[in-house]
Amino acid sequence: MTTQLKNYIGGAWAAAETATYESVINPATCATLAQVPDSSAGDVDRAVAAARAGFAEWRSTPVLSRAQYMYRLKNLLEDRFEDLAQTIVEENGKTIDEARGEVRRGIESVDYATHVPSLMRGYKVEDISSGIDETAERQPLGVFAAITPFNFPLMVPLWFLPVAITCGNTYIIKPSPQTPISMNTLFELLDELDLPEGVVNLVHGGKDAANAIMEHPDVTGVSFVGSTPVAKIIYETCAKHGKRVQAQGGAKNYIAVMPDADINASVSNIIGSAFGCAGQRCLAGSVVVAVGDAYEPLKAELLKRSATLRLGYGLEETTQVGTVISAQARERIEKMIADGVAEGARAVLDGRDAKVEGYDAGTFVGPTILDGVQPEMHIAQEEVFGPVLSLMHVPDFDSAIDVINRSRYGNAASLFTQNGGHAREFKYRVQAGNIGINVGVAAATASFPFGGQKESFFGDLHGQGPDSIEFFTDRKVLIERWY
Ligand code: NAD
C-alpha cells in the first residue's frame with residue numbers, strides 16, 4: 001500500500017477527513033508514488049482556524065526573528081537540494097537539471113524573504129500640518145493561501161509562502177493533486193523550523209478544497225497560479241467573497257526572429273524555451289515568428305537540432321526532454337497536433353507516438369514542429385502546454401508585432417535581433433508581462449514582479465518582488481498630535 005499523504009495543520013501532520021484519495025503517478029515509470037487526499041471543506045476549516053489562531057503571536061514576533069526562520073529554511077533547502085530535485089522529477093517528469101533549476105529558483109525566493117525587515121518599512125512626514133506628524137506603516141493582514149499548479153510543484157508555492165509569513169501573515173498551501181509530494185517534503189523542513197503553531201499549513205485536494213479556501217470568511221487573500229479558465233473562476237470567486245486576489249493564468253508565448261539575429265544562439269534559446277520542461281512552462285515559447293529572410297535558415301537549424309534531442313526518464317542525466325504530466329495530457333497534446341495538421345499546418349517534426357526503451361508506459365511526447373502555421377489557426381491561439389512549436393513566416397517586424405498582439409494571452413514574448421531599435425520597439429509595443437531580448441525564457445527573478453497581461457493575469461499586484469510586499473501587507477496611516 002502506498003503512502004497516504006497527510007495534511008499539515010496547526011504544527012502537526014493530520015490525516016484528511018475524506019474517503020477519497022487519488023494516486024500520484026510517476027509519469028515516466030507509471031509507478032504509483034503516493035495517494036493524495038481530496039480534502040474536505042472541514043479540513044480547510046481546521047487549517048484556517050489554526051492559521052487564524054496563530055496570527056496574533058506570529059504577527060508580534062519581531063520581524064528580524066521572522067526573517068531568521070528564512071535563513072534557516074534556506075539552509076535546510078540547500079541540505080536537501082538533490083532530494084527535492086529528485087522528488088520533483090519523480091512526480092512531474094521533468095529532467096533532473098530542470099528540477100535542480102526549480103529548486104534553485106525556489107531558494108532564491110526564500111533569500112528574498114530574508115530582506116522583508118527592510119522591504120516592509122513604512123514612511124513618515126513630520127509637520128504635515130502644524131505640530132502634526134503623519135505615518136504610513138505596513139501591517140500583515142491575517143490568513144493568506146495559495147492554490148498552485150503541477151508544473152513547478154516546489155518553486156511556485158515558494159513565490160508566496162516565504163514573503164507572506166515573513167511579513168507576519170499565516171499561510172495555507174493547496175498544491176496540485178498531480179504533484180503534491182514536493183510540498184510534503186517542504187513541510188517536513190518547515191516542521192524542523194519549529195515555527196509557532198498555525199503559521200504554515202498544508203491542505204491537499206482539488207476543486208472542493210480550493211472553493212472552501214476562497215469562500216472562507218477568515219481567509220484574507222489568495223494567490224493562484226494555473227490555467228486561464230481556472231484563474232478566471234478564482235478571480236471572480238475571491239472578489240465575490242471580498243478577498244485580495246492575484247491569479248496568474250495560462251500563456252501562448254511568441255518568439256520573433258529577425259533576419260539580423262544570430263541564428264545559432266537564437267536556436268539554442270528557442271529549443272530550450274519550447275522543449276525545456278517538455279513545454280510545460282508558463283513561459284514556454286510556443287510560436288516562432290520568423291521575419292523575412294530569417295525563415296529558411298532558422299527552420300533548417302531548428303529542425304536539425306530539435307530532431308536530436310534525447311527523450312527519456314528525467315532521473316537519467318543524459319535525458320534532454322522528459323515526459324508530459326499524464327496520459328490525459330499526452331492525449332490532449334497529440335490531438336492539438338492532429339488538429340493543427342487538419343487545419344493546414346505541416347508536422348515537419350512529429351513527436352506523436354514517441355516511445356522510450358525501458359519506459360513503455362511513460363507519457364512521452366517528442367519535440368514537435370508545425371510549419372506553415374497561420375494566426376487564425378487554433379494551434380496558434382490556444383495554449384498547448386507540451387513540446388510543440390509552431391512556426392510562422394511574416395514579411396516584416398510590424399507584422400510580427402501585429403501577430404503577437406492578436407493573442408488573447410500576454411505572459412511572455414521574445415525577440416531575437418542585433419538591432420537595438422527593434423528591441424526597444426518590441427519592448428514598447430508588445431502586450432506581454434515578460435519580454436525577452438535574445439532570451440528565450442524571460443523569467444523574472446525573485447526580486448522582480450512576475451505576472452502576465454491580458455488573459456494571462458487577473459489582478460493588479462503580481463507575484464514576487466515589491467508587488468508581493470504590497471500584496472501581503474496593508475498600509476495603515478497614523479496622524480498624531482501631542483499636547
Ligand atoms: P490548473 O488550472 O488545472 O490547476 C491549478 C490549481 O487549481 C490546482 O491546484 C488545481 O487543483 C486547482 N483547480 C483546478 N480546477 C479548479 C476549479 N475549478 N476551481 C478551483 N480550483 C481548481 O493548472 P495546471 O494544469 O495544474 O497547471 C498548468 C497551467 O498553469 C498552465 O495553463 C500554465 O500556463 C499555468 N501556469 C501559469 C503560470 C504563471 O505564472 N502565469 C505559472 C505556472 C503555470
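Remember, predicted model here, so these are calculated numbers, not experimental data. Read the numbers this way: they start at 1 and go in the same order the structure lists the ligands and their atoms.
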Give yes or no for whether the N/O distance cutoff of 3.5 Å, strictly under, is met between [X] and ligand 1.
X	answer
Asn211	no
Asn151	no
Gly249	yes
Thr228	no
Ser456	no
Lys174	yes

Return the closest protein heavy atom for [atom] as residue, atom name and distance.
atom	result
atom 7 (O) of ligand 1	Phe224 CE1, 3.3 Å
atom 19 (N) of ligand 1	Lys207 CG, 3.6 Å
atom 35 (C) of ligand 1	Gly226 O, 3.1 Å
atom 2 (O) of ligand 1	Ser227 OG, 2.6 Å
atom 13 (N) of ligand 1	Val230 CG1, 3.9 Å
atom 34 (O) of ligand 1	Glu383 OE2, 2.6 Å

Pull out every atom of ligand 1 sitting under 4.0 Å from any heavy atom of [X], numbered as shown with elements.
X	result
Pro177	11 (O)
Phe450	40 (O)
Ser176	9 (O)

Can you label the angle between the Phe385 ring and the Phe150 ring as parallel, tilted or perpendicular, going by 30° and 60°?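 Perpendicular.
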
| Taking atom types as modelled, is there a side-chain donor on Glu108 or Thr445 under 3.5 Å from an acceptor on the other? |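 On atom types as modelled, these side chains do not qualify, holding no pair under 3.5 Å.
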
Who's closest to atom 5 (C) of ligand 1 heavy-atom-wise, of Ile173, Ile147, Val156, Val225?
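Among Ile173, Ile147, Val156, Val225, the closest heavy atom to atom 5 (C) of ligand 1 comes from Val225.
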
Is the shortest distance from a Lys or Arg side-chain nitrogen in Glu78 or Arg104 to a carboxylate oxygen in the other one below 4.0 Å?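 So Glu78 pairs with Arg104 through a salt bridge.
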
> Nearest heavy-atom pair of Glu102 and Lys94: which atoms, and what distance?
Replying inline: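 For Glu102 versus Lys94, the nearest heavy atoms are OE1-NZ, 2.7 Å.
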
### Query
So which bit of Phe152 gets within less than 4.0 Å of ligand 1, heavy atoms only: side chain, backbone, both or neither?
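No part of Phe152 comes within reach of ligand 1.
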
TODO: Check each heavy atom of Ala210 against ligand 1 and say whether those closer than 4.0 Å belong to the side chain, the backbone, both or neither.
DONE: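 The side chain, only.
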
So for atom CZ, which belongs to Arg424, do other residues, nucleotides or ligands contribute more than 12 heavy atoms lying within a distance under 6.0 Å?
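No, the 6.0 Å shell around CZ holds no more than 12 heavy atoms from other groups.
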
- Could you tell me whether Phe472 and Phe144 have their ring centroids closer than 6.0 angstrom?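 Here the rings of Phe144 and Phe472 have centres that are less than 6.0 Å from each other.
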
